[in-house]
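Structure record follows, encoded as structure tokens.
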Amino acid sequence: MSEREWMREEAARSLERLLPRVRAVLTEARATDPTGYAGFEARLQREWPRLFTLLLQLYGWQYDFFYHLEQLLLAAAAAWAARRPALRTLDAAREVNPDWFQDQSMVGAVLYVDLFAGSLAGLRAKLPYLKDLGITYLHLMPLFLSPAGNSDGGYAVSSYRTLNPAIGTMAELADLADTLREAGISLALDFVFNHTSNEHAWVARARAGEVEYERFYLLYPDRSIPDQYDRTLREIFPTVRRGSFTWDEGLARWVWTTFNSFQWDLNYANPAVFRAMGEELLFLANQGVEVLRLDAVAFIWKRPGTDCENQPEAHWIIQAYNALTRIVCPALLFKSEAIVHPEEVAKYISPQEAQLSYNPLFMALCWEALATREVRLLARSLALHQPIPAGCAWVNYLRVHDDIGWTFDDGDAQALGIDPWGHRRFLNAFYIGEHPASFARGVPFQANPTTGDARVSGTLASLAGLEQALNEGNPIFIDLAVRRILLLFSVLLSAGGIPLLYIGDELATLNDYTYVQDPIRAHDSRWVHRVAFDWARAEQRDVMARPEGYIYQEILRLIMLRKSQRAFVGNDLQVFDTGSPGMLGYVRQFRGERVLVIANFSEAKQQLSANQLRLHGLGYQFRDLNAGIELRAETTLTLTAYQFLWLEAI
Ligand code: GLC
């Protein structure tokens, strides 16, 4: 018997043993919703072998493996029983139409509730703003209970079941999820599962000497093991603290803290941690969350001698959680937040792991192309790294709450004769405005004095040149900055997957430098682009004479255009060589519908021969959807500064 066959048999045997217990605890739920229960049990039968095998690989050698397995299954059963009818209906609908999120009508937004509208009640009142923008996916930045003062923007969670009281209550959030769903908007929340804050109840219990909870974290009595790990770990926040460990007085031990010292990494080698976090995950799903953003996913498994990123076990853990959600709440999707090498980013994406993923490569290289006025690295990288499995989608973005890191593949750069190290230095200098030819007003983030590595903070509009142009009051530069911003959005909205807007960018929000006056935030330049939403500015959004009004209206028009084009369904993206160094070209197609996008990333004129268009299925006659005009290509097509076309054959 092969190992695989043996595992299958073991899985079947274990389920046979456990099923009577599941049925017993679900007696009531089975009586009230027999059809729903039948679906649950069918999914359990279907997914169990996968879940069992993954857990056996991860934890099978531990003496209490079967105890944890049973507890996990009972927790899953209880979570299914607690699932509201509306969510069970959604589960059924999504099972029939698993590709719902591939639709061209999908447009995402991400915002901080407090910065946007003060509280959940405020957000509810401001929903018309988001509906006007055609938003169908709304990611609310972490709103859980977290330490007062610095909480890494909420990414230090003290309880996954309680919200920050200033923002609202869990019951309000569940209500909001219902309202959003009825309006065709899917709620996305963070699952900050690599670490908890040092104020989480588990930390308190560990500090109180409960060994069971000490084992939830990675604690060391002296520096010997931390020193060994530090030799191979990447420092994520080197300006906060050197190395990845923090001394805790209460425990009198070193604690693994990949990010800030108050963010304690969880010990996923302990099956009790997998189970406890699995229960938090299912709890959130039952509030009506449709997408969980798996925060800092690359870091969850540690292995001596490595950088402790992207370990195979990290994938197994997510796959196991994926199997758990298929059983209990199949409407839920995962979005991977892996800001790592492109090949590693791709490994998290599959229907059995994370169905959605941020696309950091696309983001970084759009900025790279704007700085260099050359699209070759962008085009090459898109061609090589964009294809993803069926049933999955990229979440494309230009800016989010985090910094920009230059995560392109060194080999791709070298193949084009670009020195990757020098190029990253150039990009940092360019975007922090130190390069003489720069239009950008960014701020450095986490410059590492040892490695020379650095990242960049700043809002989209400030990085694209609007801040500098407005300061100089130069109308030509303002015009160029506006064009740059719209060019970026034209690519974002046509490149495939789910485009994600960082709310405020649609109004060309500029950097806010007041964070430096706040001692809690001064050391973290990401606050320069975490700006309180300016409602007075938003009210003026139909004033086309103002740059932000014009930008808003143009973005809105492009969003609506996107929604009307079936060619934009899914992720199929065929990059082609336009023959002009500054001009990106790609074909988007879906079931015979096809749109050709060409985008000039420079202020110089770029040309495309008519032959190129014919090669990609456009005849001599076509329509530019963007300008709404018909064109006839005889010999060449000329694009002016930062111009873009969305072409369809007629
Ligand atoms: C993710 C978040 C970032 C946070 C980190 C630690 O990368 O996007 O804001 O600092 O995780 O939770």
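When a ligand or atom number is given, it counts from 1 through the structure's own listing order.
Taking the six-membered ring for Trp and the full ring otherwise, Tyr348 and Tyr358 have centroids separated by 6.0 Å or more. Less than 6.0 angstrom separates the ring centroid of Phe245 from the ring centroid of Trp256.
Between the side chains of Asn428 and Trp406, at least one donor-acceptor pair of N or O atoms lies under 3.5 Å.
Residue Tyr217 forms a side-chain hydrogen bond (donor to acceptor under 3.5 Å, both in side chains) with just one option from Thr196, Asn267, Asp265, and that option is Thr196.
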Inventory of protein N or O atoms under 3.5 Å from ligand 1 N or O:
residue: ligand 1; atom: 7 (O); partner: Glu337; partner atom: OE1; Å: 3.3
residue: ligand 1; atom: 7 (O); partner: Glu337; partner atom: OE2; Å: 2.8
residue: ligand 1; atom: 8 (O); partner: Arg293; partner atom: NH2; Å: 2.8
residue: ligand 1; atom: 8 (O); partner: Glu337; partner atom: OE2; Å: 3.4
residue: ligand 1; atom: 8 (O); partner: His401; partner atom: NE2; Å: 2.8
residue: ligand 1; atom: 8 (O); partner: Asp402; partner atom: OD2; Å: 2.4
residue: ligand 1; atom: 9 (O); partner: His401; partner atom: NE2; Å: 3.0
residue: ligand 1; atom: 9 (O); partner: Asp402; partner atom: OD1; Å: 2.8
residue: ligand 1; atom: 9 (O); partner: Asp402; partner atom: OD2; Å: 3.4
residue: ligand 1; atom: 9 (O); partner: Arg526; partner atom: NH1; Å: 3.2
residue: ligand 1; atom: 10 (O); partner: Asp152; partner atom: OD1; Å: 3.2
residue: ligand 1; atom: 10 (O); partner: Asp152; partner atom: OD2; Å: 2.6
residue: ligand 1; atom: 10 (O); partner: Arg526; partner atom: NH1; Å: 3.2
residue: ligand 1; atom: 11 (O); partner: Asp295; partner atom: OD1; Å: 2.8
residue: ligand 1; atom: 11 (O); partner: Asp295; partner atom: OD2; Å: 3.3
residue: ligand 1; atom: 12 (O); partner: His195; partner atom: NE2; Å: 3.0
residue: ligand 1; atom: 12 (O); partner: Asp295; partner atom: OD2; Å: 2.8

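Between Asp152 and Arg526, at least one side-chain N (NZ, or NE/NH1/NH2) sits under 4.0 Å from a carboxylate O, which counts as a salt bridge. Between Arg293 and Asp190, at least one side-chain N (NZ, or NE/NH1/NH2) sits under 4.0 Å from a carboxylate O, which counts as a salt bridge.
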